[in-house]
A.B. asks: 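Okay, handing you the structure first.
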Number of protein chains: 2
Amino acid sequence: MPFLTKNAPEQIDMKIMTSALNLFVENGYHNVTVHDIQKRSGVSIGAIYHHFGSKEGVATKLFNHIINELEQLISTITETIESPSEQCKEIIKKLFEYTESKPNIIAFVFHAKHTEFLSGDYLVYNSSPFIKMREVIAKGIECGEFLETDKMAASSCIYGGAIRMIQLRLDGIIEKPITEYYDTIINAAWSGLKAETPAEVS
Amino acid sequence: MPFLTKNAPEQIDMKIMTSALNLFVENGYHNVTVHDIQKRSGVSIGAIYHHFGSKEGVATKLFNHIINELEQLISTITETIESPSEQCKEIIKKLFEYTESKPNIIAFVFHAKHTEFLSGDYLVYNSSPFIKMREVIAKGIECGEFLETDKMAASSCIYGGAIRMIQLRLDGIIEKPITEYYDTIINAAWSGLKAETPAEVS
DNA sequence: GTCTATACGCTGATAGAC
DNA sequence: GTCTATCAGCGTATAGAC
């Protein structure tokens, strides 16, 4: 059964990309050599260059792969749920869950400085998942679920708190799983943090 | 007047650090060679190695220099203003102003992945300015100015929105100076974004 | 398609004159 | 203290066998 001893090409691709992802997140793109990827993935140098052309090729394909995964996550949510406000909550929930279950995928998106290996001036936060996330907010404002504020400012406030938690969690500064903070974050973003002072009388 | 033709040693240090800062932010630490720093600063390779010992030395001293500057900014605010809630606003205001006037300093702090050149597991967000920023929130909760929520979650919500704006501005995704968004951001963080729906009657 | 051994360019760092 | 010229090591990519 020779077809079992040889790996399917997609499996080799995935092996290489998975190893590369973990190494990039652990050490940073430039501190990872092609030989490191070779060792951890178990395939040969030749195979890496045959499949990806270059080290940058590995990073680029990996990046696109992950952006696609994220894009699908967002699309599924916006297609399933009606209310923008609820879509927004679900997006944050899923991002928190991903942060705990697949931290390196999230770290690669939120932590890396992609301009270091992505040629040109491609910007992560202009990629489709992030654009869609901002559109959710825009619709929420239009349909009156959110206060009528500037779209960018509203996006920053709502997702900013969540993204900040993700970053602090990935850095190990927050020690508990952030899924536990979900309700708190949502409540704060929706209703604010100002203490309800008893009506001030002069 | 030979004392005018020769630069004071501190001036050379600053020249090197300023050039390094700009190059690091523009291209990323690993895409900058010592020769690049040499060319832009106008001093010799020898001077760089004499003053800083290594490329990593340049980055480390630069990093400490900037963290100190930020630390002083925060300290001045906490010593001058009484109310934690107002301290917090002032911090965000100053960070926004810095983002516009000295973007590269802010970019170096918020954008860089410092683990790539800082030895050990030193974390930016555990450095003194960020710890102090979180303490401001903690005090605000204690004295009743903020809702009694988890300290980390509250910090993330308040600063997260602002930091997100800074990041989007540095990436060029926000086109207007973010100082214009200051009031909106503060209002959203303090009072929330949920639209005040007319009392729902069944 | 996959492998190993090799080449070539680049970069951080040094040596030694001034 | 400052400079220039040079080195040594590493890391990407390739050549060529299987």
Side-chain angles (χ1 to χ4, degrees), chain A residues 1-63 112 114-119, chain B residues 1-24 26-63 112-119:
Chain A
M1 38 183 137
F3 60 94
L4 271 182
T5 58
K6 256 203 169 154
N7 288 317
E10 294 91 23
Q11 277 188 331
I12 291 190
D13 272 35
M14 282 307 295
K15 248 196 227 172
I16 295 170
M17 285 203 287
T18 307
S19 306
L21 168 66
N22 295 328
L23 285 165
F24 289 162
V25 171
E26 285 166 28
N27 310 316
Y29 176 76
H30 287 284
N31 295 320
V32 174
T33 70
V34 180
H35 292 279
D36 293 334
I37 301 174
Q38 183 269 316
K39 274 178 222 152
R40 190 173 291 197
S41 62
V43 306
S44 69
I45 288 268
I48 296 175
Y49 279 96
H50 180 76
H51 283 265
F52 296 93
S54 67
K55 181 185 170 186
E56 198 180 320
V58 177
T60 306
K61 276 200 184 172
L62 173 60
F63 182 81
H114 305 93
T115 44
E116 289 202 3
F117 57 85
L118 285 180
S119 48
Chain B
M1 34 181 139
F3 60 95
L4 270 181
T5 58
K6 257 205 169 151
N7 288 317
E10 293 91 23
Q11 277 187 331
I12 291 190
D13 272 35
M14 281 308 295
K15 246 195 231 174
I16 295 169
M17 285 204 287
T18 305
S19 306
L21 168 66
N22 294 329
L23 285 165
F24 289 162
E26 284 166 27
N27 310 317
Y29 176 76
H30 287 284
N31 295 321
V32 175
T33 71
V34 180
H35 294 278
D36 293 334
I37 300 174
Q38 185 269 316
K39 272 179 226 153
R40 189 173 292 196
S41 62
V43 306
S44 69
I45 289 269
I48 295 175
Y49 279 95
H50 181 76
H51 283 266
F52 297 93
S54 66
K55 181 185 170 186
E56 199 180 319
V58 177
T60 307
K61 276 199 183 172
L62 173 61
F63 182 81
K113 205 172 170 249
H114 305 92
T115 45
E116 289 203 2
F117 57 85
L118 285 179
S119 48

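Residue numbers start from 1 in every chain, and the chains themselves are labelled A, B, ... in the order their sequence lines are given, proteins ahead of strands.
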A.B. asks: The criterion is side-chain hydrogen bond (donor to acceptor under 3.5 Å, both in side chains); which residues satisfy it with Asn27(B), sequence neighbours excluded?
C.D. replies: none

A.B. asks: Side chains of His30(A) and Tyr29(B): closer than 4.5 Å at any heavy-atom pair?
C.D. replies: no

A.B. asks: For Lys15(B) and dT2(D), what is the distance between atoms NZ and C1' respectively, to the nearest whole Å?
C.D. replies: 13 Å

A.B. asks: Taking only N and O in the side chain of His30(A), is any of them less than 4.0 Å away from OP1 or OP2 of dG11(D)?
C.D. replies: no

A.B. asks: Rounded to the nearest Å, what distance is computed from the CZ atom of residue Phe52(A) to the C1' atom of nucleotide dG1(C)?
C.D. replies: 15 Å

A.B. asks: Which residues pass the side-chain hydrogen bond (donor to acceptor under 3.5 Å, both in side chains) test with Ser54(B), not counting sequence neighbours?
C.D. replies: none

A.B. asks: Rounded off to whole Å, could you give me the CG-to-P distance for the Asn31(A) and dT12(D) pair?
C.D. replies: 11 Å

A.B. asks: Need one value for Val32(A): base, sugar-phosphate or nothing, where a base atom within 4.0 Å counts as base even if backbone is also close, heavy atoms only.
C.D. replies: sugar-phosphate

A.B. asks: With a 4.0 Å cut-off on heavy atoms, is Ser44(B) in touch with a base, just the backbone sugar-phosphate, or nothing at all?
C.D. replies: base

A.B. asks: Would you mind writing out the side-chain donor-acceptor pairs for residues 56-63 of chain A within the sub-3.5 Å range, not counting sequence neighbours?
C.D. replies:
unit_1   : atom_1 : unit_2   : atom_2 : d
Thr60(A) : OG1    : Glu56(A) : O      : 2.8
Lys61(A) : NZ     : His51(A) : O      : 3.4

A.B. asks: What is the distance from CD of Gln38(A) to P of dG11(D), rounded to the nearest Å?
C.D. replies: 14 Å

A.B. asks: Between dC3(C), dG1(D), dG1(C), which one does the side chain of His50(B) approach most closely?
C.D. replies: dG1(D)

A.B. asks: Measure from NZ or CZ of Lys55(B) to the centre of the six-membered ring of Phe117(B), then state whether that distance is under 6.0 Å and the direction lies within 45° of the axis.
C.D. replies: no

A.B. asks: Specify the separation, in whole Å, of atom CD1 of Ile48(B) and atom P of dC3(D).
C.D. replies: 10 Å

A.B. asks: Please encode protein proximity along nucleotides 13-18 of chain D as a string of B, S and -, counting only heavy-atom distances under 4.0 Å.
C.D. replies: BB----

A.B. asks: Using whole Å, report how far CD1 of Ile16(B) lies from P of dG12(C).
C.D. replies: 15 Å

A.B. asks: For Thr33(A), give me all partners under side-chain hydrogen bond (donor to acceptor under 3.5 Å, both in side chains), at least two apart in sequence or on another chain.
C.D. replies: Asp36(A)

A.B. asks: For the pair made of CZ in Phe117(B) and P in dG12(C), what is the distance, rounded to whole Å?
C.D. replies: 14 Å

A.B. asks: Which pairs with one or both residues in residues 41-50 of chain A pass salt bridge (Lys or Arg N to Asp or Glu O under 4.0 Å), sequence neighbours excluded?
C.D. replies: none

A.B. asks: Just the rounded figure in Å: distance from P of dT4(C) to NZ of Lys39(A).
C.D. replies: 13 Å

